[in-house]
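First the structure, in the form of structure tokens, and then the observations on it.
Being a predicted model, the structure only gives us computed values, none of them experimental. Throughout, protein chains are lettered first and strands after them, A, B, ... in sequence-line order, and every chain is numbered starting at 1. What you see below is based on every heavy atom in this structure, not just the backbone, and it leaves out hydrogens, waters and symmetry mates.
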Amino acid sequence: MRLGYPCINRQLACTFSTFRLKNFSEEKLIETIQKNLINLQKILSFNIKHGLYFFRISSDLIPFASHTICKYPWQMAFARTLAGIGQFIKKYQIRISMHPSQFVIINANDPAIIQNSIAELQYHANLLDALELDETAKIQIHVGGAYGNKMQAMTRFIDNYQKLSLPIQKRLVIENDDRLFSLHDCLFIHRHIGIPIIFDNLHHECLHNQESLAEAFSIAESTWHKDDGVMMLDYSSQAVGAPKGKHTESLDAEHFKRFLQAIPHHHCDVMLEVKDKEVSALRAIELLNHA
DNA sequence: GCCGGTCAAGGTCTT
DNA sequence: AAGACCTTGACCGGC
């Protein structure tokens with residue numbers, strides 16, 4: 001089991017800079033990409049040193065990459081640096097994921113939203129390609145909106161998925177969400193197009209069809225093929241007294257131990273979705289080693 | 001310096 | 001109707 005945390009490292013004060021659209025200039029973009037790539041390498045080095053072998057790369061790595069304002073050929077301009085970081089990732093067998101924002105909605109009714117979503121997915125695929133990573137590096141999204149008719153919304157997802165370019169298709173995975181599309185719904189989609197399901201335990205607690213954690217794990221696992229790598233999971237626990245679905249600030253050790261015991265085996269990669277990032281990830285490694 | 005309104009982009013639920 | 005929530009709070013104008 002590889003453990004990881006999303007996007008930013010607090011100890012290193014490594015975040016990914018962006019800027020306002022109105023301040024866009026090629027110079028500012030280049031400067032920001034340079035800075036962000038240095039920070040990405042710093043975080044990955046930190047992670048190796050601390051035994052964290054799963055990482056979610058921020059979508060902000062290349063700001064405005066999918067916006068029409070961006071004409072800069074970043075993929076070519078930073079080809080060597082990106083390939084170099086990719087070499088590091090492969091050398092240490094780090095698992096990589098990305099999670100585009102809520103604006104990426106494949107099953108939207110509005111063609112403009114779909115078009116923007118595809119452009120954003122293409123950016124994510126281009127980035128992972130520029131890192132020269134194989135298709136075990138995944139891009140995770142939710143099914144999207146329900147628009148008052150879930151079955152139609154799922155059918156639209158299936159139809160629109162089949163129109164996506166191959167580089168996007170081979171990296172795309174869907175995550176069960178906490179309000180609309182359960183694991184069961186994701187499985188329905190999987191059966192039509194073969195897309196793997198990334199399982200989120202907290203979302204499953206919020207919305208499910210009576211499957212136990214162990215059952216849900218096995219169902220999700222069955223959707224991952226050999227070329228996809230071992231299944232990925234998003235792990236978090238409910239913040240007490242907060243709105244349903246809100247993550248805790250830091251790792252709930254007892255909950256995580258129960259999670260490790262409840263799943264059938266540990267041949268999987270677990271993304272810890274907690275606010276304090278690497279701090280909790282390091283505690284999780286301790287718990288895993290003593291499990 | 002630092003505070004706080006605002007930021008490319010949606011959809012849903014809660015208050 | 002407005003705010004919170006989800007990806008990851010950070011940017012930057014105004015004081």
Checking all strands, does A/Ala146 fall into the base, sugar-phosphate, or nothing category for heavy-atom contacts under 4.0 angstrom?
-> sugar-phosphate
Heavy-atom pair with the smallest gap, counting every atom of A/Ser58 and A/Cys7 = CA-SG, 3.7 Å
Would a line drawn from the ring center of A/Phe181 to the ring center of A/His142 be shorter than 6.0 Å?
-> no
Starting at atom CG of A/Asn9, determine the distance to atom P of C/dA10, rounded to an integer number of angstrom.
-> 12 Å
Would you grab the first and last nucleotide of DNA chain B (5' to 3') that comes under 4.0 Å of any non-hydrogen atom in chain A?
-> B/dG5 to B/dC13
How would you label the contact of A/Ser117 with the nucleic acid (heavy atoms, under 4.0 Å): base, sugar-phosphate, or nothing?
-> nothing
Test side chain to side chain contact (heavy atoms under 4.5 Å, CB included) applied to A/Ile106 and A/Ile113, A/Ile114, A/Ile141, the passing residue | A/Ile141
Any side-chain donor-acceptor pair under 3.5 Å between A/Ser165 and A/Gln122?
-> yes
How many angstroms lie between atom CG of A/Asp269 and atom CD1 of A/Ile94, to the nearest 0.5 angstrom?
-> 11.5 Å
In Watson-Crick or G-U wobble terms, both distances under 3.5 Å, what is the partner of C/dT7?
-> none
Candidate pair A/Leu288 and A/Met1, rule side chain to side chain contact (heavy atoms under 4.5 Å, CB included), full reasoning = CA-CA 9 Å; A/Leu288 177 64; A/Met1 179 186 290; 3.9 Å; yes
C/dG3 versus B/dG5 - spacing of their C1' atoms, nearest Å = 15 Å
Do any N or O atoms from the side chain of A/Asp60 and from the backbone of A/Pro63 form a donor-acceptor pair under 3.5 angstrom?
-> no
Span that lies between the C1' atom of C/dG9 and that of C/dA4, in whole angstrom | 15 Å
Touch check for A/Ile69, heavy atoms < 4.0 angstrom, all strands: base, sugar-phosphate only, or nothing?
-> nothing
A/Arg20 CZ to C/dG9 P, straight-line distance once rounded to whole Å = 16 Å
C/dC11 phosphate, OP1 or OP2, under 4.0 Å from A/Asn23 side-chain N/O = no
When all nucleic acid strands are considered with a 4.0 Å heavy-atom cut-off, which category describes A/Phe16: base, sugar-phosphate, or nothing?
-> nothing
How many angstroms lie between atom OG of A/Ser237 and atom CD of A/Glu273, to the nearest 0.5 angstrom?
-> 11.0 Å
For C/dT7, take OP1 and OP2 only and decide whether either is under 4.0 Å from a side-chain N or O of A/Arg56.
-> no
Nearest-angstrom distance from the residue atom CZ of A/Phe103 to C1' of C/dC5 | 12 Å
May I ask you to say what A/Gln140 touches in the nucleic acid, namely base, sugar-phosphate or nothing, with a heavy-atom cut-off under 4.0 Å?
-> nothing
Indicate syn or anti for C/dT7, taking the glycosidic torsion and treating anything within 90° of 0 as syn.
-> syn
A/His142 side chain N/O closer than 4.0 Å to the phosphate oxygens (OP1, OP2) of C/dT7?
-> yes
Please measure how far the P atom in B/dG10 lies from the corresponding atom in C/dA10, and state the result in whole Å.
-> 23 Å
With no hydrogens and no angle check, do the side chains of A/Glu175 and A/His99 hold a donor and an acceptor under 3.5 Å apart?
-> yes
Can you check the A/Asp200 CG to C/dC6 C1' distance for me, whole Å?
-> 11 Å
When you compare the protein's N or O atoms with those of nucleotides 1-3 of chain C, which come within less than 3.5 Å of each other, and at what distance?
none

Roughly how far, to the nearest 0.5 Å, is CD1 of A/Ile197 from CG of A/Leu233?
-> 11.5 Å
Is C/dC15 paired to anything, Watson-Crick or G-U wobble with both distances less than 3.5 Å, and if yes, which nucleotide?
-> B/dG1
For atom C1', what is the distance between C/dT7 and B/dC7, given to the nearest Å?
-> 15 Å
Looking only at atom C1', what distance separates C/dC6 and B/dC2, rounded to whole Å?
-> 29 Å
d(CG, A/Asp60; P, C/dC11) in whole Å | 9 Å
cation_pi(A/Arg156, A/Tyr147) dist<6.0 Å, angle<=45 | yes
Interatomic distance where CE belongs to A/Met98 and C1' belongs to C/dC6 [whole Å] = 17 Å
Send over the distance from A/Lys275 NZ to C/dA10 P, rounded to a whole Å.
-> 11 Å
To the nearest angstrom, how far is A/Glu278 atom CD from C/dT8 atom C1'?
-> 13 Å
5' precedence on DNA chain C between A/Pro6 and A/Thr18 (nearest-nucleotide basis) = A/Pro6
